[in-house]
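The next block holds one structure in the form of structure tokens; read it before the comments.
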Number of protein chains: 4
Amino acid sequence: MAINNIQALFAESLNELELTDKQKAVLRASLTLFSEKGFNNTSTSDIAQMAGVSEGTVYKQFKTKEGILAAIIGPFIQRVVPKAAHEFTEAVITPPYPDFSRFLETVIKNRMDFAVDNMPQLRIVLQEAITNQEMLTGLGHLLDNLISGPLGTAFRHYQRSGELIKWPLIRIARYLVTTVMGYVLPAALANQPINTNQASKEAAEFLIRGLTP
Amino acid sequence: MAINNIQALFAESLNELELTDKQKAVLRASLTLFSEKGFNNTSTSDIAQMAGVSEGTVYKQFKTKEGILAAIIGPFIQRVVPKAAHEFTEAVITPPYPDFSRFLETVIKNRMDFAVDNMPQLRIVLQEAITNQEMLTGLGHLLDNLISGPLGTAFRHYQRSGELIKWPLIRIARYLVTTVMGYVLPAALANQPINTNQASKEAAEFLIRGLTP
Amino acid sequence: MAINNIQALFAESLNELELTDKQKAVLRASLTLFSEKGFNNTSTSDIAQMAGVSEGTVYKQFKTKEGILAAIIGPFIQRVVPKAAHEFTEAVITPPYPDFSRFLETVIKNRMDFAVDNMPQLRIVLQEAITNQEMLTGLGHLLDNLISGPLGTAFRHYQRSGELIKWPLIRIARYLVTTVMGYVLPAALANQPINTNQASKEAAEFLIRGLTP
Amino acid sequence: MAINNIQALFAESLNELELTDKQKAVLRASLTLFSEKGFNNTSTSDIAQMAGVSEGTVYKQFKTKEGILAAIIGPFIQRVVPKAAHEFTEAVITPPYPDFSRFLETVIKNRMDFAVDNMPQLRIVLQEAITNQEMLTGLGHLLDNLISGPLGTAFRHYQRSGELIKWPLIRIARYLVTTVMGYVLPAALANQPINTNQASKEAAEFLIRGLTP
DNA sequence: AATGAATGAGGATTCATTCAT
DNA sequence: TATGAATGAATCCTCATTCAT
């Protein structure tokens, strides 16, 4: 069973950082608050309070407030996403999917579940991406890596088999990402649940129509 | 030629507010700074400095910093978008478009140009929408209005003529918005230009494939 | 008929200052606002607004906000009170009162009416007296003047006639002022009306008991 | 020996609030400054400076400047005055006073000492009472409580024994308060000392005359 | 004389951060 | 390690005052 939840992976990285329970509580509280109110609207005293910890403790491990943000987002971007991508690759490649349609549906379901399971982080990343160019660049690279990596391989495979239109991969990826986001973002922003089963089926249906030659 | 630029329409509303040159400078500076650094990371002294004005002047017309935000976003949401929607309606309805393909391309080009022409506002709205539920709701209503208004009419027309798939309008609208956003958002976030001619052609091509029965 | 109303006398001094209608309106508004909210809690823009005047006009005649206060309180202390005292003297001396009791009642009624007619000024003076030593000194001098003036003459007269206890005049004056204030101050502070007829009768009754040998 | 000093009782309540030395210094400085210059004319930076503390510390315990005022005045009104009243009751009731004259003298001395010992608070309350209706109401209730409480009991006792005139208690209380205030207020306002021994004797002498049948 | 836009110093308040215990 | 008191710079905002028109 694949771990499709950053919280779980996150816990690992936190352990590697040798965090005490209180410091982990700080991160958990920060995750919640940053996600709900935004980084700027969250004070370190808010964090301390929600974590049931003194303000001093907040600064023991993480030198600055931005340090906390980095400790939350860093793993998400630098370690967790690629790791998840790797799992995703395996899930995709290992059992060769019968056709593009099934493949697409699986990919979409996979990513939607991922998003749903990590909404708080997603919200934080969204917020920061708008004003933080560095993060934006990072996100761009992620997409590039996906295309030049396992996803690209799969795409080319289906293009050769005539099931996928012969547009540049980047264009295909854009529609894929974009369509998934069309379901995920509204839910993330409004903090509402999604039925990922139905949503992924719908999205796949549309994408198949749009991307089949 | 329709005015497809909020700055222009915005100027009108500003004039109606009877703002002095300095007060307009305050709004211009705020627009720029909010867009670049975010509302929270922009101080009123930043604004005053960029506007070449004293801090007192910043507060003469707009009672609070949030008031400035409202003065920027309000017209965007409450007056300009509907107005733009109206123009867009005319553009759509008046000369009955030969086919759905042309219609779609026009709509998309129209909205992309609109977005490109108002990137700073778009960025600000995006930022705020994440933490401000009120704004989020407002945006939702906008979409509803479009569907129950002119856009919905057009959609139903093309559904009857057999050129548009008979999905719920809200689903069709989602893919439309989503696909356009797929081009606009990256540009907005990275502050990069788009070639709206090519982008709208590409987007329309994909959407036609996905939405034709 | 004696003018027992500072507003009326005030009007004169204002005329002598050659104030325009608007500037008078400034003083009237200031009187009201200072009395209700206090000097510190009244902004010059409050004044301008209530006076129906621009902020600039507020400063045309009165160089500073304190200048307005002075223009209100000055006449009260420096000109109006002595003037009223003079009238009061006449009322007292001219028709030699049959006995101390009647005299006292008249004096008290006279002063209570005066206070009631000028409550706003009274409130302002009270406020300022607490933090403004200068004003406090001024008030002290007023009392001295009364005693060394007409009131003292009358007191000595009734002491000689055996109707008034032979305490130092300052002590007698203290009880007089104090007892009147006991009726006036609560009303002034709570902005409530007094029945000066009954109040002065009560006060006189008590004072007669306390001050008759 | 009864504690007749709010500063002392105040110290208790402060301890209960678990204030640090610096925070107590903030209250002490505030007491002094509010009393001398008035609440409005005292800035939080004034307080910080006099307390030898940073401005941040001023706000650690008391969330707002008004909070400091409340922390000074609250105990005075809500806890200390009733407590003092209780002590005063005992002092009055326990050893049945030989006559009304002695009773009165004791009461007056007691209250005058109380006032003298707490002049700063008295000044602050006076200032605020003028513009703050809430406080005014509170003061009114205090008087009511006194009359319906121990003081009223004593008054009725002496009325029955024929030593106190049979006026309504509220009227008698007015003259009592008023006469004491006649000695206390000028001293409080001018920040001058009183000889409470002589003053209370004088005041009692006058009141006895005025209130004996 | 009157306006009202503009000023900028100052005020209350917040908050990330430090440090002695 | 954890605490939480303390800091002080920074922030939003107010307001008395000035001045060009």
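The basis for the numbers below is simple: all heavy atoms, side chains too, and nothing from hydrogens, waters or symmetry mates. Just so it is clear, the model here is predicted, and its values are computed rather than measured. Labels below follow one simple rule: chain letters A, B, ... track the order of the sequence lines, proteins then strands, and each chain is numbered from 1.
- Within 4.0 Å (heavy atoms only), Lys65(C) reaches sugar-phosphate atoms of the nucleic acid but no base atom.
- If you take CD of Glu55(D) and P of dT11(F), they are 15 Å apart, rounded to a whole angstrom.
- Residues of residues 42-51 of chain A that place a heavy atom closer than 4.0 Å to DNA chain E, in numerical order, are Thr42(A), Ser43(A), Thr44(A).
- Annotation: of the two residues near DNA chain E, Val58(C) and Tyr59(A), the 5′-most nearest-nucleotide partner is Val58(C).
- Look at CD on Gln61(B): it is 14 Å from P on dT14(F), rounded to the nearest Å.
- At a threshold of 4.5 Å between non-hydrogen side-chain atoms, the residues Asn40(B) and Thr131(A) do not count as touching.
- Comparing Gly56(C) and Thr20(D) against DNA chain F, the residue whose closest nucleotide sits nearer the 5' end is Thr20(D).
- Under the 3.5 Å distance criterion, the side-chain polar atoms of Thr42(B) are matched with a main-chain donor or acceptor of Gly38(B).
- Listed by first and then second residue, the salt bridge (charged side-chain N to carboxylate O under 4.0 Å, His left out) pairs that reach into residues 27-46 of chain D are Lys37(D)-Asp46(D), sequence neighbours excluded.
- Taking 4.0 Å as the cutoff to heavy atoms of chain C, we find the contact window on DNA chain E bounded by dA1(E) to dG4(E).
- Rounded to whole angstrom, the span from the CD atom of Gln23(A) across to the P atom of dT3(F) amounts to 10 Å.
- Listed for the Ser30(B) side chain is a donor-acceptor partner under 3.5 Å among the backbone atoms of Val26(B).
- When the nearest nucleotides of DNA chain F are assigned to Thr57(B) and Val53(A) by heavy-atom distance, the more 5′-ward of the two goes with Val53(A).
- Ile73(A) has its side chain out of reach of Gln121(A): every pair of non-hydrogen atoms, C-beta onward, lies at least 4.5 Å apart.
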Watson-Crick and G-U pairing of DNA chain E written in dot-bracket, each distance under 3.5 angstrom, with | for inter-strand partners
.||||||||||||||||||||
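- Pairs engaging residues 18-38 of chain B under the ring-ring contact (aromatic ring centres under 6.0 Å, His included) rule: Phe34(B)-Phe39(B) [sequence neighbours left out].
- The salt bridge (charged side-chain N to carboxylate O under 4.0 Å, His left out) contacts involving residues 57-67 of chain C comprise nothing, where partners must be two or more places apart or lie in separate chains.
- Contact detail for Ala129(A) and Leu136(A): the closest heavy-atom pair is O-CD1, 3.7 Å.
- Smallest separation of non-hydrogen atoms from Ile72(A) and Leu31(A): CD1-N, 3.6 Å.
- When atom types are taken as modelled, the side chain of Gln23(C) and the backbone of Thr20(C) share a donor-acceptor pair closer than 3.5 angstrom.
- Between Thr64(C) and Leu69(C) the shortest side-chain heavy-atom distance does not fall below 4.5 Å.
- In this structure, Lys24(A) atom NZ and dA2(F) atom P are separated by 12 Å, rounded to whole Å.
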